[in-house]
Protein chains: 2
Amino acid sequence: MSLKHGLLGLLNYGSMTGYELDKAFKASLSFFWQAKTSQIYRELDAMERQGWLTSQRVIQSEKPNKRVYTITEGGKEELTKWLSSPESDIMDAMSVRSPFLMRVFFAGETSTKQSLEMLYAYRQKCLESKNRLGSAYDAISEYGAIVGDEKKSKYWQIAALYGDAFFDAGLNWADKAIVLLKEELGE
Amino acid sequence: MSLKHGLLGLLNYGSMTGYELDKAFKASLSFFWQAKTSQIYRELDAMERQGWLTSQRVIQSEKPNKRVYTITEGGKEELTKWLSSPESDIMDAMSVRSPFLMRVFFAGETSTKQSLEMLYAYRQKCLESKNRLGSAYDAISEYGAIVGDEKKSKYWQIAALYGDAFFDAGLNWADKAIVLLKEELGE
DNA sequence: GTTATATATTCAACAAGTTTAATATACAAC
DNA sequence: GTTGTATATTAAACTTGTTGAATATATAAC
């Protein structure tokens with residue numbers, strides 16, 4: 001249920017429309033959770049039915065009408081409850097689900113050349129992700145300084161550090177794997 | 001569709017029952033893909049309807065009857081096709097989906113003490129995973145040597161190296177994060 | 001003037017994953 | 001004799017995630 005809780009967490013910072021949530025989500029949480037716009041709207045609907053949110057329709061003349069979601073007391077309780085029972089998700093934290101590694105595992109069925117190309121592409125993506133994350137990191141620092149909420153922004157930074165460490169690990173792994181495969185070609 | 005392709009990859013090594021596949025899956029691919037037993041049986045059924053597999057019912061007297069699945073030519077083609085078009089999955093490779101990081105992001109809503117406990121638990125899980133992977137690594141080496149298929153086992157090892165690198169990165173990250181949070185307590 | 005982008009939401013169909021449990025046999029351990 | 005473990009499969013109900021489009025208005029860019 002992490003998507004619902006992520007949305008609760010964002011709405012706990014302040015009321016927002018689905019559209020704004022979608023953007024906020026993609027600018028922050030998307031590094032470790034992906035959700036399509038249509039899914040976000042659907043979940044908001046379900047969360048309102050659960051009593052975790054209320055919504056007010058706002059009529060606009062220059063732009064399409066919008067619906068502003070606000071977290072309820074029930075929603076805040078649920079958020080706290082979720083944050084206080086991390087045991088199960090720590091198990092989940094260990095479980096990577098990677099179609100990419102699945103391919104690596106079976107790459108013996110294809111040519112070494114093809115495998116090398118795959119690894120180079122992966123390496124490149126790691127670099128790009130690191131850059132993307134670097135920008136996000138700067139944004140967090142700025143935002144934290146502006147908002148003056150050092151406690152919150154500290155955790156945002158810790159989450160960002162995780163991403164950085166893992167892209168670095170990915171880069172190093174790819175380099176090692178490339179060396180191993182090149183040995184094979186050389187023989 | 002990675003689960004289906006993982007199953008195709010395993011069946012490409014040899015015919016197996018759903019029960020055996022379930023065990024083989026959990027002993028190898030489960031490090032980067034998780035699937036419930038019931039899901040595996042359901043997917044096998046769908047794959048047979050797709051023409052990627054055939055199955056033979058084997059009547060046993062001492063044990064329950066079983067159904068042995070065999071990959072078809074169509075299935076082999078599908079496996080090769082999947083292995084030859086990695087572009088899309090390299091994008092997926094970058095996308096972590098981690099309820100744990102979601103919690104870290106919002107951990108500012110709870111106490112520093114609680115956050116530290118979470119990080120210690122995570123750290124512990126990293127160590128355990130590394131050990132579990134170490135055993136798997138040994139099994140791979142042995143199996144590769146017995147089977148004599150060095151090419152296949154090389155990729156299995158590369159996949160295992162990935163896991164190891166990532167658990168190490170997780171350990172280091174947790175240590176850094178713990179230091180950051182302890183500073184906060186000390187002030 | 002037409003194309004792209006931003007705002008703002010909704011929906012249907014489908015695919016994938018989770019939960020839970022039912023069913024049945026055999027062997028080993030205590 | 002009953003408890004646990006291994007073998008072996010099936011299935012319903014549910015939740016979550018993906019795909020792809022439809023709808024509508026306003027502004028900025030070319």
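Keep in mind the model is a prediction, meaning the values are calculated, not measured. Chain letters run A, B, ... following the sequence lines, proteins first, then strands; residues in each count from 1.
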- prompt: Where do A:E128 and A:K125 land on the salt bridge (charged side-chain N to carboxylate O under 4.0 Å, His left out) test, with the steps shown first?
  reply: CA-CA 5 Å; A:E128 287 167 21; A:K125 288 286 168 197; 3.5 Å; yes
task: Could you check how far CZ of B:R97 sits from C1' of C:dA16, rounded to whole Å?
output: 11 Å
task: Before accepting this row, confirm whether a basic side-chain N of the pair B:K113/B:E117 lies closer than 4.0 Å to the acidic partner's carboxylate O.
output: yes
query: Between B:M1 (CE) and C:dA15 (C1'), how many Å, whole number?
result: 9 Å
- request: Round to a whole Å and report the spacing from CD of B:E43 to P of C:dC14.
  value: 17 Å
Residue list, side chain to side chain contact (heavy atoms under 4.5 Å, CB included) with A:A46, at least two apart or on another chain: A:K4, A:R49
- prompt: What string of B, S and - do you get for nucleotides 6-13 of chain C, 5' to 3', when a contact is any protein heavy atom under 4.0 Å?
  reply: SBBBBB-B
message: Give me the atom names and distance for the closest heavy-atom approach of A:V104 to B:Y155.
response: O-CB, 3.3 Å
task: Give a yes or no answer on whether the side chain of B:R57 reaches the backbone of B:N65 with a donor-acceptor pair at less than 3.5 Å.
output: no
query: Within a reach of under 6.0 Å around NZ of A:K176, are more than 12 heavy atoms found that belong to other residues, nucleotides or ligands?
result: no
task: Report yes or no: does B:E20 contribute a side-chain atom to a donor-acceptor pair with the main-chain N or O of B:T17 at less than 3.5 Å?
output: yes
query: After noting the C-alpha distance and the side-chain angles of A:E109 and B:K152, does the key distance pass the salt bridge (charged side-chain N to carboxylate O under 4.0 Å, His left out) rule?
result: CA-CA 7 Å; A:E109 305 300 318; B:K152 282 190 178 78; 3.6 Å; yes
- line: Students should find that the nucleotides of DNA chain D closing off the region near chain B, any atom under 4.0 angstrom from a heavy atom, are D:dA6 to D:dT18
